[in-house]
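Everything on this sheet refers to the single structure shown next.
We name chains A, B, ... by the order of the sequence lines, and we start the count at 1 in each one.
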Amino acid sequence: MFTASMNFDLGDDINALRDMTHRWAQDRIKPIAAEIDKSNAFPNELWKEMGDLGLLGITVPEEFGGADMGYLAHVIAIEEVARASASVSLSYGAHSNLCVNQLKLNGSPEQKAKYLPGLVSGDHIGALAMSEAGAGSDVVSMKLRAEKKNDRYVLNGTKFWITNGPDADTLIVYAKTDPDAGSRGITAFIIEKTMAGFSTSPHFDKLGMRGSNTAELIFEDVEVPFENVLGEEGRGVAVLMSGLDYERVTLSGIGTGIMAACLDEVMPYLAERKQFGQPIGNFQLMQGKIADMYTALNSSRAYVYEVAKACDRGEVTRQDAAACVLYASEEAMKVAHQAVQAMGGTGFMNETPVSRIFRDAKLMEIGAGTSEIRRMLVGRELMAKMV
Amino acid sequence: MKVLVPVKRVIDYNVKVRVKADGSGVDLANVKMSMNPFDEIAVEEAIRLKEAGKADEVVAVSIGVKQAQETLRTALAMGADRAILVVAADDVHQDIEPLAVAKILAKVVEEEQPGIVLCGKQAIDNDMNATGQMLSALLGWSQATFASEVDIDGDSAVVTREVDGGLQTIKVSTPTIITVDLRLNEPRYASLPNIMKAKKKPLDEKTAADYGVDVTPRLEVVKTAEPAERAAGIIVGSVDELVAKLKEAGAV
């Protein structure tokens, strides 16, 4: 464990939240992180524990069982979960931000009252489904069809790469209600896994983030009542985009958590591992590595925390949401790469946490928007202000 | 019955402790501090007594620097009802000695009239293991130290103590001082809603002077040093070799 990190001035509440999450995650998740990776299965008992600790509804008002805190709090929580296991933090983020926070932002009072309490307590698992096999970065080209028939919609098609897909009870799903209307023809729905015609594939075998269950969702004449439209018909892209900025900021915490985990592993190793008669941490090439890792961690934290604070003030911008997740994700990959290098042959062993972290970190440059899309967004937003 | 739980703010158990260059003590500047783990067990036990209907109020008290209010907030988030902070130092490096702490606690006990004082058997920073015993002497109350099991029954407590070579079970009458050992319970994690609720719970702030206790140190720290580094061990091939090595080292 590496405890000499800088103290950011985040306030007593956030510090207490970090302490609690840190202890719980180190006690309860870290010891099973290797097994979660190896067996590629999420320990579902964690959902209830997270619910009891109040981690699943950080941004949700108290009336629905939430903690009524903000995005900074959520970032800190996800960072500390990721520090113990990145794959658990990914599932946690998909539930607590992608699903729960989208319901909080866009749900009607009736929808919130119906779905949020169970999700916040951990009795229900949440997911959000945007991507399809043929619609990744180009999300608006999705094909999942929602046809209006009498008093309901009928959904047909598939969704791909859906985090928590095999386990989720409540899913937010985007579908085409008007295939000819482009971005104005998409509608968001709240799907329950018990709806007839809804099924999922077995969960995928992945390079990293193993145990964060990912699957294909299959819709065969799934009938969805009007009351399960999230937002308005045809306004799905607005729902989608409104959530994406907060999603990017929140998931940035996985990047900072991965970097913190790397230092947790590498620092004691450099102090203990001896070569040429001394700890390898005495060598300047090794000191250079940890200097770069530490700088990457704290510069990412500084940016991510500030953007999260801007979210809490209602001042987030798209370029900063995209830029902070771009930066934290790419730095996480670099730091994980150097963590394996610093630990040499030991780091290359599958039993060492850094080898798992290295595989997990790659997803950060792909999932929830690729680095390429994030760069494009930042550049486009910046140029838009010049012309 | 009211339970009073004294809690101490100490260097976090995960932190690699560093001795100050001048040998005057341990470096606490910018170091993570937490509640003494034994005190956390005491807080947990007190809350369990309340949950079991055997106590009706849990009051946490901390004596030290102003920042100890964070430690008290932790106790409140775990489930204590209210807290008392006694500011007795303004420098984090100034440790209040057990006798001064016990004298202040004796005054707090006079005011609060608890049926039980539940405290950690010792603090992990200086390992004095004295405050509970001194408080018992000052108050003339019974004491049950190193508790690994506590059973409150009316106006008496049956306490299992972890003593050298085994377990000892004693019965003490209340009011009493119980100091707790590591195996008594596993403290809970404070949930996020409870952390937020803790902010609204009452926290009274007092000073050592309010209780008329002089906290001037009676001990002088002559020197603080890092533990000596241990030489690496060796792996022996057989029992004969082991015996030979032990004889060589003069151990048998």
Side-chain angles (χ1 to χ4, degrees), chain A residues 1-9 11-30 48-70 73-74 76-77 80 83 96 120-122 264 267-268 271-272 274 277 279, chain B residues 7 9-18 26-37 40-41 43-44 60 66-80 83 85 92 185-201 203 226 229-233:
Chain A
M1 185 60 56
F2 172 67
T3 54
S5 188
M6 178 180 162
N7 183 19
F8 288 86
D9 181 24
D12 292 344
D13 294 350
I14 303 282
N15 290 341
L17 163 67
R18 185 194 285 277
D19 275 356
M20 176 273 277
T21 316
H22 177 80
R23 284 183 64 171
W24 172 76
Q26 293 294 318
D27 290 353
R28 296 281 306 142
I29 304 178
K30 198 176 175 195
K48 195 71 193 124
E49 285 185 42
M50 290 192 271
D52 288 344
L53 291 173
L55 295 176
L56 298 180
I58 291 182
T59 56
V60 172
E62 281 174 34
E63 57 176 312
F64 303 115
D68 210 5
M69 292 174 86
H74 206 167
I76 298 299
E80 288 299 340
R83 195 170 168 180
S96 58
V120 169
S121 69
D264 287 342
M267 294 303 294
E272 281 154 26
K274 288 200 172 88
Chain B
V7 296
R9 181 177 187 266
V10 298
I11 194 161
D12 187 86
Y13 64 94
N14 278 311
V15 172
K16 187 160 167 43
V17 174
R18 293 265 164 224
V26 164
D27 191 1
L28 296 176
N30 297 319
V31 167
K32 182 170 164 51
M33 306 291 281
S34 301
M35 189 191 297
N36 175 36
E40 223 177 316
I41 293 168
V43 173
E44 175 66 32
K66 206 172 163 83
Q67 292 93 315
Q69 56 164 280
E70 284 168 29
T71 314
L72 288 170
R73 288 288 172 209
T74 305
L76 293 170
M78 286 174 73
L85 170 66
V92 291
N185 61 46
E186 227 176 278
R188 69 194 62 192
Y189 305 100
S191 74
L192 193 45
N194 286 343
I195 289 171
M196 300 306 280
K197 275 184 214 148
K199 293 196 303 180
K200 293 172 195 145
K201 290 183 178 177
L203 193 156
E226 302 261 2
E229 226 176 292
R230 264 172 50 174

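Looking at every heavy atom in both residues, B:P193 comes nearest to A:G54 through CD-CA, 3.8 Å.
In this structure, B:N30 and A:N7 have side chains that are not in contact, with every pair of non-hydrogen atoms separated by 4.5 Å or more.
Taken from CD1 in B:I195 to CE in A:M69, the straight-line distance is 7.5 Å, to the nearest 0.5 Å. To the nearest 0.5 Å, the span separating OG on B:S191 from CE on A:M50 amounts to 15.0 Å.
When only modelled atom types and interatomic distance are considered, B:Y189 and A:D52 share no side-chain donor-acceptor pair under 3.5 Å.
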From CA spacing to verdict: side-chain contact (heavy atoms from CB on, under 4.5 Å), B:L192, A:L17: CA-CA 7 Å; B:L192 193 45; A:L17 163 67; 3.7 Å; yes
Check the pair B:K32 / A:D19 against side-chain contact (heavy atoms from CB on, under 4.5 Å), numbers first and verdict last. CA-CA 10 Å; B:K32 182 170 164 51; A:D19 275 356; 2.7 Å; yes
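Ion pairing between a basic and an acidic side chain is recognised when a charged N comes within 4.0 Å of a carboxylate O; A:E62 and B:K197 show no such pairing. Salt-bridge formation is not detected for the pair A:D12/B:R73: no Lys NZ or Arg NE/NH1/NH2 atom is positioned less than 4.0 Å from an Asp or Glu carboxylate oxygen.
No more than 12 heavy atoms of other residues, nucleotides or ligands shown are found within 6.0 angstrom of NZ on A:K274. The neighbour count for B:E186 CD, taken as heavy atoms of other residues, nucleotides or ligands under 6.0 Å away, does not exceed 12.
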